[in-house]
Number of protein chains: 2
Amino acid sequence: MALRPAAPRGDTRQQIQQHAITLFARAGYAGVSVRDVAAEVGISAAALYHHFPDKQALYLAAMEHAFARNESGILAALESELSPLERLNCFVTGFAALAARDEEFRKLMQRELLDGDETRLELLAGHVFRQPHAAIVALARELAPDLDPYMLADSVIGLVLFSFQTAPLRRHLAGRAERPERPERPEDIARHVMTLLARVFAHQDSP
Amino acid sequence: MALRPAAPRGDTRQQIQQHAITLFARAGYAGVSVRDVAAEVGISAAALYHHFPDKQALYLAAMEHAFARNESGILAALESELSPLERLNCFVTGFAALAARDEEFRKLMQRELLDGDETRLELLAGHVFRQPHAAIVALARELAPDLDPYMLADSVIGLVLFSFQTAPLRRHLAGRAERPERPERPEDIARHVMTLLARVFAHQDSP
DNA sequence: GTCTATAGCCTGATAGAC
DNA sequence: GTCTATCAGGCTATAGAC
């Protein structure tokens, strides 16, 4: 230790990626300039171009980094030995926690759904959605064989994510007096979603 | 008639708004230049500035136009004299049809949820969400008094919208062989959502 | 690996003729 | 109401010194 001056290592590239994630999540691809990212890192734009060939490559690398850092956590909950409903609960709880914890990740997903070309959608699918989605489809088949498992899987993910998407709109919707100022805790969202889903699955068990 | 040359009236302003909606929905505020809009309309950028003081005002006017043109349709379904569940069904069906019919409108909503400042979120809430949301909250209170009506209202809207949001991701998710090529008809989405919700509400009626 | 400097283009916005 | 011409500044990306 103490061999290196003060802060940085040879990881300028990773630092750039990290700041790029922050800015791209906040303002989107077109809303962020290469200069913006460089300034945030504390280097010149020319220096940044030493690490990435162009803006597109920087963006792609940032996305890959943002998606990869959440890859492991999502799937784990779905692979345990618990009962189907308990596995679903683990996923919903974990996914809500993730969406709350890594807002940049969530916003980048939303932006890709709007702007992503085939390359970037494939990146998003491969790193984030494909495996959990398949696992939830399988779960859906077990829990509600009479429903379309694909649509149901979409719905599960959508129920969790939409609560976060609409968060900025909330205070414009309710009468402030009537609506208590809720901090939108991810546990509350997860519990709500699981309440709905439990009823959906319970229905056919006692028709 | 035949008093006017060929096509245009004094509605250049509206034509600009219409093309602005198209472009802003496709690429977002930062991704569209004033020149882009002008070119699409077939006039110069300077001419456009005769109708709007600056880009921001153009964007706001375009949003207002896009939101206002869908204002009336959304609420109607919720105000009929049908039973609560039937009213909900009318809303879900109508909202899904709207989301499918006016993709620009849907994308602009998504973009505002990501980028909207307080002014623009208030615009979105006032024109699109406030009244239907309140009506669904009231419906939720009737149909499931033991659930949080606000979260439930969010969930209803989210269930419908998320299916459209994730549409571009679909073909990257499923094994093509396993997954039939579905054109994602809004009726199918509405029926699926209502199947889920009917089970949610049925549960307490026969516990 | 970082800098300054700069090329070449695009941007929002304006001036003034018609 | 529309145009051409233009401004000042920002953009991506590169060149070349250190």
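Values below: every heavy atom of this structure, side chains too, minus hydrogens, waters and symmetry copies. Order of the sequence lines sets the chain letters (A, B, ...), proteins ahead of strands, with each chain counted from 1.
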With Glu187(A), which residues qualify under salt bridge (charged side-chain N to carboxylate O under 4.0 Å, His left out), at least two apart?
Arg185(A)
Short side-chain N/O contact to [N] OP1/OP2 from [X], under 4.0 Å:
| X | N | result |
| --- | --- | --- |
| His50(B) | dG1(D) | yes |
| Thr12(B) | dT2(D) | yes |
| Ser44(A) | dT2(C) | no |

Salt bridge present between Arg111(B) and Glu104(B) (N-O < 4.0 angstrom)
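A salt bridge is absent here (no side-chain N lies under 4.0 Å from a carboxylate O).
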The criterion is ring-ring contact (aromatic ring centres under 6.0 Å, His included); which residues satisfy it with Phe164(A), sequence neighbours excluded?
none
May I have the distance from [X] (atom [atom1]) to [N] (atom [atom2]), rounded to whole angstrom?
| X | N | atom1 | atom2 | answer |
| --- | --- | --- | --- | --- |
| Phe52(B) | dG12(C) | CZ | P | 15 Å |
| Tyr49(A) | dT2(C) | OH | C1' | 16 Å |
| Lys55(A) | dA13(D) | NZ | P | 8 Å |
| Gln56(B) | dA13(C) | CD | C1' | 14 Å |
| His51(B) | dG12(C) | NE2 | C1' | 17 Å |
| Asp11(B) | dG1(D) | CG | P | 11 Å |
| Asp54(A) | dC11(D) | CG | P | 17 Å |
| Leu48(A) | dT14(D) | CG | C1' | 14 Å |

By a strict heavy-atom criterion of less than 4.0 Å, which residues belonging to residues 20-42 of chain B are in contact with DNA chain D?
Arg35(B), Gly42(B)
Can you run down the side-chain hydrogen bond (donor to acceptor under 3.5 Å, both in side chains) pairs that involve residues 36-49 of chain A, sequence neighbours left out, and say none if there aren't any?
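Found Ser33(A)-Asp36(A).
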Which pairs with one or both residues in residues 79-100 of chain A pass salt bridge (charged side-chain N to carboxylate O under 4.0 Å, His left out), sequence neighbours excluded?
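Non-adjacent pairs meeting salt bridge (charged side-chain N to carboxylate O under 4.0 Å, His left out): Arg87(A)-Glu142(A).
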Summary of salt bridge (charged side-chain N to carboxylate O under 4.0 Å, His left out) pairs that have at least one residue in residues 90-102 of chain B, sequence neighbours excluded:
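The answer is Arg69(B)-Asp102(B).
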Taking the inter-plane angle between the rings of Tyr150(A) and His133(A) on a 0 to 90° scale, is it parallel (under 30°), tilted (30 to 60°) or perpendicular (over 60°)?
parallel
Ranking dA13(D), dA15(D), dT2(C) by distance to the side chain of Ala46(A), first place goes to dA15(D)
